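None of these values were measured; they are calculated from a predicted model. Below, each value reflects all heavy atoms present in this structure, side chains not excepted, and no hydrogens, waters or symmetry copies.
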Amino acid sequence: QVQLEESGGGLVQAGDSLRLSCTFRGSGFVQHCMAWFRQVPGKEREFVAAIKWDGGDTLYANSVVGRATIFRNNAKKMVALQMDKVTPVDTAVYYCAAVKGGGMRDGDYEYDNWGQGTQVTVSS
């Protein structure tokens with residue numbers, strides 16, 4: 001059984017950076033593709049970034065490419081998201097997601113393990 005727990009959300013000033021972390025509890029972390037999604041009320045969950053099981057490849061949404069970095073530490077069973085130059089548009093609940101096997105993917109329906117989410121609010 002996999003459990004995911006996000007941390008690092010909160011209030012951030014526009015133009016600053018944020019870093020979110022996700023702790024993976026369970027076995028087989030290295031077999032999982034990990035990803036971050038975000039959601040604002042009334043909208044669908046939006047893909048942000050994904051990382052291959054070995055950290056050797058990453059995928060980013062167009063909205064964050066160039067200012068977001070996803071990375072993982074397989075020894076610590078954690079994945080993190082760093083986002084620079086945030087704007088109020090980045091305000092959302094951010095979710096960590098995991099799926100076993102296969103390559104990176106950007107559809108939320110393709111992930112079967114989710115954290116509870118962490119709120120990020122960017123003030124202007």
Side-chain angles (χ1 to χ4, degrees):
Q1 183 177 358
V2 172
Q3 291 183 318
L4 304 174
E5 182 175 357
E6 303 94 341
S7 61
L11 182 63
V12 185
Q13 295 290 322
D16 286 351
S17 298
L18 69 86
R19 176 174 288 197
L20 305 177
S21 296
C22 173
T23 300
F24 180 105
R25 292 189 173 86
S27 61
F29 179 65
V30 297
Q31 299 171 310
H32 286 75
C33 167
M34 302 296 296
W36 289 94
F37 287 77
R38 65 187 182 185
Q39 189 172 27
V40 297
K43 292 190 176 181
E44 294 185 352
R45 195 150 44 187
E46 174 192 20
F47 170 76
V48 177
I51 187 165
K52 190 180 172 184
W53 68 272
D54 61 356
D57 200 5
T58 55
L59 179 67
Y60 295 96
N62 288 337
S63 58
V64 303
V65 70
R67 61 187 187 95
T69 303
I70 184 171
F71 52 97
R72 65 190 291 163
N73 184 323
N74 285 350
K76 295 183 177 180
K77 298 202 291 185
M78 63 83 67
V79 62
L81 177 72
Q82 166 111 8
M83 192 178 301
D84 301 323
K85 300 179 182 178
V86 297
T87 74
V89 174
D90 296 312
T91 295
V93 176
Y94 284 72
Y95 296 92
C96 177
V99 62
K100 190 174 182 179
M104 297 180 294
R105 57 212 82 175
D106 60 5
D108 62 349
Y109 60 92
E110 298 176 282
Y111 291 80
D112 51 11
N113 295 284
W114 293 87
Q116 294 295 313
T118 184
Q119 174 71 48
V120 172
T121 302
V122 181
S123 63
S124 58

Per-pair distances, 0.1 Å, donor-acceptor, side chain in residues 95-111, under 3.5 Å, sequence neighbours excluded:
from, atom 1, to, atom 2, distance (Å)
Arg105, NE, Gly103, O, 2.8
Arg105, NH2, Gly101, O, 2.4
Arg105, NH2, Gly103, O, 2.8
Glu110, OE1, Gly107, N, 3.0
Tyr111, OH, Arg105, O, 2.5

Identify every side-chain donor-acceptor pair in residues 55-68 under 3.5 Å, counting partners at least two apart or on other chains, and give the distances.
from, atom 1, to, atom 2, distance (Å)
Tyr60, OH, Ile70, N, 2.9
Ser63, OG, Glu46, OE2, 3.4
Arg67, NH1, Asp84, O, 3.3
Arg67, NH1, Lys85, O, 3.4
Arg67, NH1, Asp90, OD2, 3.0
Arg67, NH2, Ser63, O, 3.4
Arg67, NH2, Asp90, OD1, 2.7
Arg67, NH2, Asp90, OD2, 3.2

Work out which heavy atom in Val30 is nearest to a heavy atom in Arg72; give both atom names and the distance.
CA-NH2, 4.2 Å

Taking atom CD of Gln116 as the centre, report whether more than 12 heavy atoms of other residues, nucleotides or ligands fall under 6.0 Å from it.
no

Measuring from Trp36:CH2 to Leu81:CG, what's the distance to the nearest 0.5 Å?
6.5 Å

Check whether the ring centres of Trp114 and Phe37 lie less than 6.0 Å apart, and answer yes or no.
yes

OG of Ser17 to CE of Met83, rounded to nearest 0.5 Å, is 10.0 Å

Considering all heavy atoms of both residues, which atom of Ala14 and which atom of Ser124 are nearest to each other, and what is their separation?
CB-CA, 4.1 Å

Reported OG-to-CG distance for the pair Ser7 and Leu20, which is rounded to 0.5 angstrom:
8.0 Å

Following the transitive rule for hydrophobic clusters with a side-chain heavy-atom cut-off under 4.5 Å over Ile, Leu, Val, Met, Phe, Trp and Tyr, establish whether Phe47 and Val93 coincide in one cluster.
yes

Roughly how far, to the nearest 0.5 Å, is CG of Asn113 from NE2 of His32?
5.5 Å

Donor-acceptor pair, distance only, cut-off 3.5 Å: does the side chain of Lys77 make one with the backbone of Gly26?
yes

What verdict does the side-chain contact (heavy atoms from CB on, under 4.5 Å) test give for Val2 and Phe24, after you've listed the backbone C-alpha separation in whole Å, the side-chain angles of each residue and the deciding distance to 0.1 Å?
CA-CA 7 Å; Val2 172; Phe24 180 105; 3.5 Å; yes

Hydrophobic side-chain clustering at under 4.5 Å (ILVMFWY, transitive links): who's grouped with Phe71? Put none if nobody.
none

Output, in order, the C-alpha distance, side-chain angles, deciding distance and verdict of side-chain contact (heavy atoms from CB on, under 4.5 Å) for Met34 and Phe29.
CA-CA 9 Å; Met34 302 296 296; Phe29 179 65; 3.8 Å; yes

Distance check, rounded to the nearest 0.5 Å: Leu18 atom CG versus Leu11 atom CG?
11.0 Å

Where Leu4 and Cys22 come nearest, the two heavy atoms and their spacing:
CB-SG, 4.0 Å

Contact between Gln119 and Thr91 at the side-chain level, heavy atoms closer than 4.5 Å - yes or no?
yes

To the nearest 0.5 Å, what is the distance between OG1 on Thr118 and CZ on Arg38?
14.0 Å

Identify the two heavy atoms, one from Ser123 and one from Gln13, that lie closest to each other, and give their separation to 0.1 Å.
OG-NE2, 3.2 Å

Nearest heavy-atom approach of Glu6 to Gly117 is OE1-N, 2.9 Å

For Tyr94 versus Val48, what's the shortest heavy-atom pair and its separation?
CE2-CG2, 4.4 Å

